[in-house]
Amino acid sequence: MFPGRWRFGSDRHGEVDLFTDRYDLSAETLSQAIRAAASEEPDADGSVLFGHLQGTVVGLRYYSGVVNQGEMVGLVRQPQNQYDRNAVMVANIYGNQVGHIKRELAAAMAHVMDNNLAKVEGVVHSGTKNSFTMPLMLSFWGKEENQNTVKENMARRGFKLNTGGGKATGANQNSQGARALSKKGVTILLTPDELKNAFDNLFDGLMESEDGEKQAAEAVGTPLLPHQKQALSWMCARENKSALPPFWERRGELYYNRLTCFSAKEIPERVRGGILADDMGLGKTLTTIALILTNFHKGKPLPVEKCEEPPSPAKAKTKPEKPSRVEGSSSAGDGAGVTDAAAAGSKHTNISQVEVICVDSADEVDKSDKSTGKGKKKAAKRKPVKEAPKCFEDLDFAAALGGSAAPTSLKKKKTATPTTSVDSSITESADDLSARTTLILCPLSVISNWLDQFEQHVRANVKLNVYLYYGAERNRSKAFLSSQDVVITTYNVLSADFGNKSPLHGINWLRVVLDEGHVVRNPQAQMSKAVLDLKGQRRWILSGTPIQNSVKDLWMLLAFLRLKPFDAREWWNRVIQRPVTQGDRAGLQNLQTLVKCITLRRTKGSEVNGRPLVAMPEKTVCVEQVELSQSEREEYELARNEGRNTIGRYVTEGTVLRNYADVLAILIRLRQHCCHPDLLSKTSLDLGAAATPAEMRERLIEKLRFVLASGSDEECSVCLDSVRLPVITHCAHVYCRPCIAQVIGTEQETARCPLCRSEIKTNELVEFPQEEMEEEKNTNPDKWRTSSKVQALMGNLLRLRCEDSSIKCLVVSQFTRFLTILETPLREHGFSFVRFDGTLSQKKRTQVIQEFQSPAADGPVIMLLSLKAGGVGLNLTAASHVYFMDPAWNPATEEQCIDRCHRLGQTRNVFVTKFIVKGSVEENMVKIQKQKQDLVEKAFGCRNPDRKTSRMDEIKALMEL
DNA sequence: ACCGCCGGGTGCC
DNA sequence: ACCGCCGGGTGCC
């Protein structure tokens, strides 16, 4: 694992200068090695403290790493050490080597560490002034089952782990090693409820908006709302200001981290960037665009060319089949796009045609020569460099011309300024001023949104080079990419390129932006690695929901932001994750501080100075009860009684969970009865007398497929959220693939289904396609019939049209087939509508949304929307009325759907109507929804520990059993 | 390292 | 003295 090259320490000559020089170089690889090792280590969750041990660090005089009183140090095995293959290296938090563990102790520890029997951590409480050795308090952490092995192993070599006394902890507040000794009162433990509560509120109340507001650069055509100016100001400050990162403070000549007690002469590398976690609809995209244009180097706006002719704003150079642009709204934009696409290959050729205007004319470096561009090529850039005073300007210039100057710049910098220079003017010293480009990563579904927003918000006369790095023909030239102002790509493209001489990883970006950053979560995933490997001076995460499930998810974000030292898993685990999961109040506080320092989050409801952040139009939600006709009622009752009998039988037999799929199928049929009789699948799903258990199982799985295929928004019993990437288990239960993978991962061979405790195996999981269209059978319009719910909807729509024909509506159902049924009466009454569901291609989606959002008088007034389609980020503000045809299990899913039109940009008051059939499962579903919501509001996620019983109770309540 | 350990010098009191 | 003692050289793994 560790390359031999850092045997550097073994050289005896110890000439200090030479040594420090090489040391500097090696420190890089060393900390990388530590990081690599640490990222593989298991989670700190569930570790127990085996005990403490007093040890000795030796060889201090050979290394430059220093430690402070109370400082935490890292222990790294060094199996390649030529003197002792048991060697254990001691390093401080920046990965600077401090010394080694004394030989005999190292020999004992090596076995424990190599076999992953325990994680050994060290804190130095005293003796930091010694120049040869120092005492070190070691603590051993690991899985309970390894405790005795470890203790015996250590004892055999004469080291007794000390479990009793709390002497081990130092006076320092980090209480390292003390948190297991709760009885000593050193740590105040939180109850699980408190913990959950605090955690859920982690992102609340973060914004104090002391930053004031900042005007966007001239190139931003859209006036920013006050809260967006605040965000811009905050983001600029985070990129430019030299404020110390969290937990660091100045102590005399040194910078000191009060969490780890680490100190350094140099100012700690601050995080240039952070998390913008505003609610959706508050304009994260616009703010980010403003940031790109407003805050280039030295706080000056991005130098952009201005064109005489006003036609095209942001021109995305896109490959021909690029979604949004093809049927692009404005012809002008189209034309420009094509030109650019053509020019993309032979970069810059068209540039000399446009006048170059120095936006940042005030920039000091411009003093050199202000005359217009010298020669065609140079006209492309803002700064003529006749007598450039510093080399980086040369590089800046070169890079701006499209060269990748990164390697050169590194060398030049080295010679120009000694590495050890303590530069007090921190502002830009660490920068590579040649970096120009902002890289934006996002899920495929929001690409078109970015392109649209660039087009919409960048002034028409400004030429911003935006390149969509997507599709087979994408331009992989680093020179080309780093000459752009903005490069947009998807996470998938990034991970596809990763490891495959990815140009994206070869560029030192000015800025890397992760949109919907919470999608990058699992550190093991290739995508995460690809993201973490990106080089960028400034780093941003945009996310409406920064925490999905747990503290663990946060690590990925901090690692991306390079928030030292927590980007290394070991320190994250030691200082934050383990304390928090073990309920340590101080740990939680630290986490809160951490998050607070780097995050801006406002919700739609947030207020600033007593005034709402955004004046949102009002939202009114009402339930419209629907009476079934007599014949519908009869059919429903028939089905209900039958279902009730079946489920009642399962209840008395205690086999509800084993027949869960069947239960769901019964429920869904009842729900379908409530909507429309023709929704009921013709394929008979009677269980009949199943011959063998295998057959039985097959049928159950089949039923579950049927439930999912109908579009129903089912719940995953692991994350308790709507199921994403559904997979069906052998025992016919459905979970999110990642959720169940986690269960299998943690339970190993003995993994069992969380619902029925049957054994589950990864290879037996059945995939279910995200949104599968059922074959459109028996939708013969001739045989079309209505239903009470259809009537109720049509009544509303017709009334609305009389009142105001310009109002647009969303008609939402979980059942895509219901949407199909609804098409007939809509056509009949002359409504113009579009349909949006999960089966649409990306290209189609953009097209449909554009069509719907377009204010054209003869445009569609209704969108038939499948509940789960599209995910976050859809902008449907053209609609102001929402009709939910059927209730969902998960109220949040409905909320999300409403948010697509009740968001920034909505000008009308929003009315939401939920159709609920009186005296039916639907009513019961709504009751349960409400209960869940109350629960959430009261005890914030004090989740029922036994999902099985609560699920059972729900089912009984639904069937009135 | 104000230690321990090594090995050479040395050797009554 | 095949010892003890002294004092200089030396020192992570």
Side-chain angles (χ1 to χ4, degrees), chain A residues 1-38 41 52-69 71-140 150 153-161 262 568 570:
Chain A
M1 164 163 43
F2 299 110
R5 75 184 107 104
W6 42 283
R7 262 183 280 120
F8 63 88
S10 64
D11 304 349
R12 289 274 198 85
H13 49 69
E15 255 129 62
V16 185
D17 284 345
L18 179 61
F19 193 71
T20 30
D21 204 7
R22 295 180 59 201
Y23 150 76
D24 239 340
L25 217 141
S26 312
E28 196 67 30
T29 51
L30 182 56
S31 58
Q32 275 169 10
I34 293 173
R35 173 122 77 111
E41 73 181 46
H52 301 288
L53 183 62
Q54 179 83 39
T56 312
V57 190
V58 296
L60 301 184
R61 67 156 137 165
Y62 299 99
Y63 310 99
S64 57
V66 288
V67 289
N68 293 305
Q69 190 91 229
E71 181 168 338
M72 298 162 61
V73 290
L75 302 169
V76 186
R77 276 281 289 120
Q78 227 175 23
Q80 304 297 342
N81 188 296
Q82 60 174 317
Y83 301 99
D84 181 0
R85 57 192 176 78
N86 291 325
V88 177
M89 188 197 78
V90 180
N92 71 18
I93 213 148
Y94 270 20
N96 300 340
Q97 181 160 8
V98 174
H100 280 104
I101 294 289
K102 214 168 149 50
R103 196 180 201 110
E104 301 75 23
L105 177 53
M109 283 166 61
H111 179 256
V112 169
M113 292 173 81
D114 292 346
N115 294 294
N116 234 329
L117 297 170
K119 176 94 194 73
V120 191
E121 299 178 353
V123 185
V124 178
H125 295 296
S126 62
T128 50
K129 296 268 163 20
N130 299 359
S131 35
F132 303 96
T133 64
M134 65 169 89
L136 172 72
M137 185 50 75
L138 299 168
S139 30
F140 290 66
V150 170
N153 180 70
M154 295 304 292
R156 204 165 339 115
R157 294 172 190 257
F159 298 99
K160 194 166 179 304
L161 287 193
F262 176 75
E570 171 173 11

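Computed from a predicted model, the values in this text were never measured in an experiment. Labels below follow one simple rule: chain letters A, B, ... track the order of the sequence lines, proteins then strands, and each chain is numbered from 1.
The distance from atom CD of A:Q97 to atom C1' of C:dC13 is 9 Å, rounded to the nearest whole Å. In this structure, CD of A:Q80 is placed 21 Å from P of C:dC12, rounded to the nearest angstrom. Distance CG (A:L136) to P (C:dC12): 18 Å, rounded to an integer number of Å. Counting to the nearest Å, the C1' atom of C:dC13 and the NE2 atom of A:H100 are 4 Å from each other. Between the C1' atom of C:dG11 and the OH atom of A:Y83 lies a distance of 13 Å, rounded to the nearest Å. Straight-line distance from the NZ atom of A:K102 to the C1' atom of C:dC12: 9 Å, rounded to whole Å. Straight-line distance from the CE atom of A:M109 to the P atom of C:dC13: 13 Å, rounded to whole Å. Atom pair A:R103:CZ and B:dC5:C1' shows a separation of 15 Å (rounding to whole Å applied).
A donor-acceptor contact shorter than 3.5 Å links the side chain of A:N130 to the backbone of A:T133. One N or O on the side chain of A:N92 and one on the backbone of A:V66 form a donor-acceptor pair closer than 3.5 Å. Proximity of a side-chain donor or acceptor of A:Q97 to a complementary backbone N or O of A:G99 within less than 3.5 Å is detected.
Base pairing of C:dC12: no nucleotide in any strand meets the Watson-Crick or G-U wobble criterion (both distances under 3.5 Å). If you check B:dA1 for Watson-Crick or wobble pairing at under 3.5 angstrom, you find it has no partner at all.
Here the shortest heavy-atom pairing between A:V73 and A:V123 reads CG2-N, 4.4 Å. Nearest approach of A:V112 to A:M154, heavy atoms of both residues: CG2-SD, 3.9 Å.
For A:N81 against C:dC13, a side-chain-to-base donor-acceptor contact under 3.5 Å is present. For a distance-only test at 3.5 Å, the side chain of A:Y63 qualifies as a donor-acceptor partner of the base of C:dC12.
A:L60 comes within 4.0 angstrom of no nucleic acid atom, judged by non-hydrogen atoms across all strands.
Comparing B:dC6 with B:dA1, their C1' atoms sit 15 Å apart, to the nearest whole Å. B:dG9 and B:dC13 have their P atoms separated by 22 Å, with the value rounded to a whole Å.
Applying the side chain to side chain donor-acceptor pair (under 3.5 Å) test to A:D84 and every residue at least two apart in sequence or in another chain returns nothing. Every residue meeting the side chain to side chain donor-acceptor pair (under 3.5 Å) condition with A:D114, not counting sequence neighbours, appears here in chain and number order: A:R77.
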Give me the distances for all protein-to-nucleotides 1-3 of chain B N/O pairs that come in under 3.5 Å?
residue, atom, partner, partner atom, Å
B:dA1, N1, A:R61, NH2, 3.4

